[in-house]
Amino acid sequence: MDDVKYGEILLPGDEDTQARREKTVRKKFWPTFRKAVRQIPFSRDVVAAFYCALDPQTPLKVRGTLLAALAYFVLPLDVIPDVFVGIGFSDDIAVLSAAFAMVSRHMKPDHYSAADSALADEPQGMKTV
């Protein structure tokens with residue numbers, strides 16, 4: 001995992017790349033999140049990042065960074081396959097943590113409120129925006 005370049009993974013990408021990532025994240029976020037929720041120590045932040053990434057008021061570069069991190073989280077191919085219990089989501093956690101560190105000031109109380117509602121209403125609240 002030493003050769004993983006998180007900066008490259010988190011590049012916002014152009015508009016086409018962001019649109020493709022957004023489509024993937026919208027489709028796969030909740031199923032992947034449900035599988036990983038017990039292994040991710042900051043689940044509320046992950047859900048808030050989901051809502052921040054889909055918020056049209058979030059700056060484009062920030063959206064792109066979050067969509068890149070969330071796409072890495074939901075895609076089945078990554079450095080450490082997610083099927084390995086205990087360590088499978090560790091690379092995803094590292095990527096998400098790096099993304100949060102880069103964009104945390106753009107995550108608003110509304111994003112956390114939406115996350116709290118979604119987590120409280122589970123499974124009904126866990127819908128794609």
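Only this structure's heavy atoms are used, side chains among them; waters, hydrogens and symmetry mates stay out.
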State, with a plain yes or no, whether a side-chain heavy atom of [X] is found less than 4.5 Å away from one of [Y].
X   : Y   : value
E22 : R26 : yes
L60 : Q18 : yes
I93 : P41 : yes

Could you grab the distance from atom [atom1] of [X] to atom [atom2] of [Y], nearest 0.5 Å is fine?
X   : Y    : atom1 : atom2 : answer
S97 : M102 : OG    : CE    : 12.5 Å
L66 : M107 : CG    : CE    : 6.5 Å
E15 : R63  : CD    : CZ    : 10.0 Å
F50 : L67  : CZ    : CG    : 9.5 Å
L96 : D45  : CG    : CG    : 9.5 Å
T32 : K27  : OG1   : NZ    : 11.0 Å

State, to 0.1 Å, how close A69 and A99 come at their nearest heavy-atom pair, and which atoms those are.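 So the minimum-distance heavy-atom pair works out to CB-CB, 3.6 Å.
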Between C52 and T58, what is the shortest heavy-atom contact and its length?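 Nearest pair, atom of C52 first, then T58: O-OG1, 2.7 Å.
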Taking only residues two or more places apart in sequence, or in another chain, which ones meet R20 in a salt bridge (charged side-chain N to carboxylate O under 4.0 Å, His left out)?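 With neighbours one apart ignored, the set is empty.
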Please list, chain by chain and in numerical order, all residues satisfying ring-ring contact (aromatic ring centres under 6.0 Å, His included) with Y112, sequence neighbours excluded.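 Result, ring-ring contact (aromatic ring centres under 6.0 Å, His included) vs Y112: none returned.
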Indicate the ring-plane relationship of F33 and F29, choosing parallel, tilted or perpendicular according to the 30° and 60° boundaries.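 Plane angle under 30°, so parallel.
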Restricting to side-chain hydrogen bond (donor to acceptor under 3.5 Å, both in side chains), what partner residues turn up for H111, sequence neighbours left out?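 Once residues adjacent in sequence are excluded, the partners of H111 under the side-chain hydrogen bond (donor to acceptor under 3.5 Å, both in side chains) criterion are D55.
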Can you confirm whether K108 is buried at NZ, in the sense that more than 12 heavy atoms of other residues, nucleotides or ligands lie under 6.0 Å from that atom?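 Atom NZ in K108 is crowded, with more than 12 foreign heavy atoms closer than 6.0 Å.
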side-chain hydrogen bond (donor to acceptor under 3.5 Å, both in side chains) between S113 and D116: does it pass, once the steps are laid out? CA-CA 5 Å; S113 294; D116 292 340; 5.4 Å; no
Keeping the roles fixed (side chain from T24, backbone from A71), state whether a donor-acceptor pair exists under 3.5 Å.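 Not confirmed, T24 side chain does not pair with A71 backbone.
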Spell out, yes or no, whether L70 and F42 are grouped together once hydrophobic residues are joined by side-chain heavy atoms under 4.5 Å, including indirect joins.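 The answer is yes; both residues are in one hydrophobic cluster.
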